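A quick note: this is a predicted structure, and the numbers were derived from the prediction, not measured. Numbered from 1 within each chain, the chains take letters A, B, ... in sequence-line order.
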Amino acid sequence: MADKNENELVDYFESFLKQKPLFTNKNVLQSDYTPESLKHREVQINSIAQILAPALRLEKPSNIFIYGKTGTGKTVTVKYTTEKFLEVAKKRNIPIKVIYVNCKLKKVADTEYRMIAQLIKEFGQEIPATGLPTEEVYSHFFKIVDEKKQLVILVLDEIDQLVEKIGDEVLYSLTRINAELKNSQIGIIGISNNLIFAQTLDSRIKSSLSQEELVFSPYNALQIVDILSHRAKTAFEKDAIKQGVIQKCAAYAARDHGDARRALDLLRVAGEIAEREGSKKVEMKHIDDAEAKIEKDCMVEAVETQPKQFHAVLYAIMSIVSKRDGFIHTGEVYEVYKAVCIQTNLRPLTQRRVSDIIGELDLLGIINAKTISKGRYGRTRDISVIIAKEMVEKINSILKNKLEL
DNA sequence: GTCAATTCACATGAAAGAGACCACGGTCTAGTG
DNA sequence: CTAGACCGTGGTCTCTTTCATGTGAATTGACGA
């Protein structure tokens, strides 16, 4: 038995090596890859360049505010433009610094403190992860920036997330920094996925932050095809992709608001699947598999990374679902949840908290929770599970594992 | 039959507490010259 | 004398709890036709 397995393994590795790889450079399909040339974003690149240009004379450029849905190339465009911009600055020895901060990353910016700490880190200095008064962190930041004459371009990606989490005071402080700086100037480029985000801002911040506004409209299917085939040329071996595969990818991605990132992911995963299967080409069906896999991975990942209490709540919901059909309400979930807690020696949380957890699970897209009013019979949430049937098993076993049931 | 009041079962908000981190500064201790 | 171990203090952060307030429609019940 063991022998056979061994042979099989060896065979597998052998055949893997013999097999011609499909990819030549997989990185090109990674979403954080900045290509040599950007397609279909010439207009935006030019606008940013025009706004940024005065900075080369060390005049403070206008702050820019960029909107656009996910996968419309906002980040990549800004990165691309600022890179070129920096190249020139470097050549001429102009003291310009571009700082890119992604506000979505949890470790980076979910509090005012960390946000500023991250900025300081970008300047090559360390600051304790916690423990200092926020005030002090600010002044430390001022000091670093103002140390020498320079111009700083601050790119705040997913700025809406930042404001959602910690409010807009940070932005206010940042936009006002310039008044206090003697040597330096700071220009801000804000990038937001949320189209109406600016309207929710305090008007003072809004006016100073969005001196220039730029909108990135979604790519249409044709443009995505163009982008994909362009990248596929460097990413894949010649003829590794069957006719129409890229079109299908694009169509999938265009279906939900022209998300190019999603299209790239799809193509990459499809390629991986094809390669693993030992297929010579990426076929149509690999795209479908890829889509299923991406979705599944997201879900499993989302469930797995939750804290224990979330698992308990989710487990409670799942076990109700498995017993009967129809909608579930908060009170019922809470009762079952308490039982689960006793079973697993977990300290039960209050209903208030569980209610929040249900809300968060909904936000994660693991469950569907809609608050409804049932008139005389109160107000509650209608909870349903949106996980596909074959996923339920998998999720359940993860939960059981995590809960040590 | 109509219409406002009531009522339910939570949702949603705000504030405050607990416990974990962490830096910093002071004190103690042991090892060294 | 000095480096390192070991507190205590003061700060932040996250997760919770407590207390309060909000909510939307089914139901009730008064009222008038």
Taking CD from A:Q309 and P from C:dT14, how many angstroms apart are they, rounded to a whole number? 18 Å
Given side-chain hydrogen bond (donor to acceptor under 3.5 Å, both in side chains), test A:Y337 with A:Q309 step by step and report yes or no. CA-CA 9 Å; A:Y337 158 79; A:Q309 294 287 1; 2.7 Å; yes
May I ask you to evaluate whether A:Y377 reaches the phosphate of C:dA25, defined as a side-chain N or O under 4.0 Å from OP1 or OP2? no
May I have the distance from A:R347 (atom CZ) to B:dA18 (atom C1'), rounded to whole angstrom? 10 Å
Of all heavy-atom pairs between A:T77 and A:L38, which one has the smallest distance, and what is that distance? CA-CD1, 3.6 Å
Rounded to whole Å, please give me the gap between CG in A:L363 and P in B:dA11. 15 Å
Salt bridge or not between A:K90 and A:E83? Use side-chain N to carboxylate O under 4.0 Å. no
In residues 322-333 of chain A, what residues come within less than 4.0 Å of DNA chain C, judged by heavy atoms? none
In whole angstrom, what separates A:H140's NE2 from B:dA23's P? 14 Å
Length of the CD1-P vector between A:I358 and C:dT16, whole Å: 14 Å
Nearest-angstrom distance from the residue atom CZ of A:R376 to P of C:dT28: 6 Å
Round to a whole Å and report the spacing from CD1 of A:I383 to C1' of B:dA11. 12 Å
Can we say A:R324 and A:E332 salt-bridge, meaning some charged N sits less than 4.0 Å from an Asp/Glu carboxylate O? yes
Where along residues 349-357 of chain A does a heavy atom fall under 4.0 Å from DNA chain B? A:Q351, A:R352, A:S355
For A:S62 and A:I51, the nearest pair of non-hydrogen atoms, with its separation, is O-CG2, 3.8 Å
Option passing side chain to side chain donor-acceptor pair (under 3.5 Å) with A:T75 (candidates A:T70, A:D157, A:T34): A:D157
In whole Å, what is the span from the CZ atom of A:F310 to the C1' atom of C:dT16? 12 Å
Would you please confirm or rule out a distance under 4.0 Å between OP1 or OP2 of B:dT12 and any side-chain N or O of A:R381? yes
Please report the closest heavy-atom contact between A:Q211 and A:N63, naming both atoms and the distance. OE1-N, 2.6 Å
What I want to find out is whether A:D288 reaches A:K248 closely enough, with some N-O distance under 4.0 Å, to be called a salt bridge. yes
Salt bridge between A:E272 and A:R268, side-chain N to carboxylate O under 4.0 Å? yes
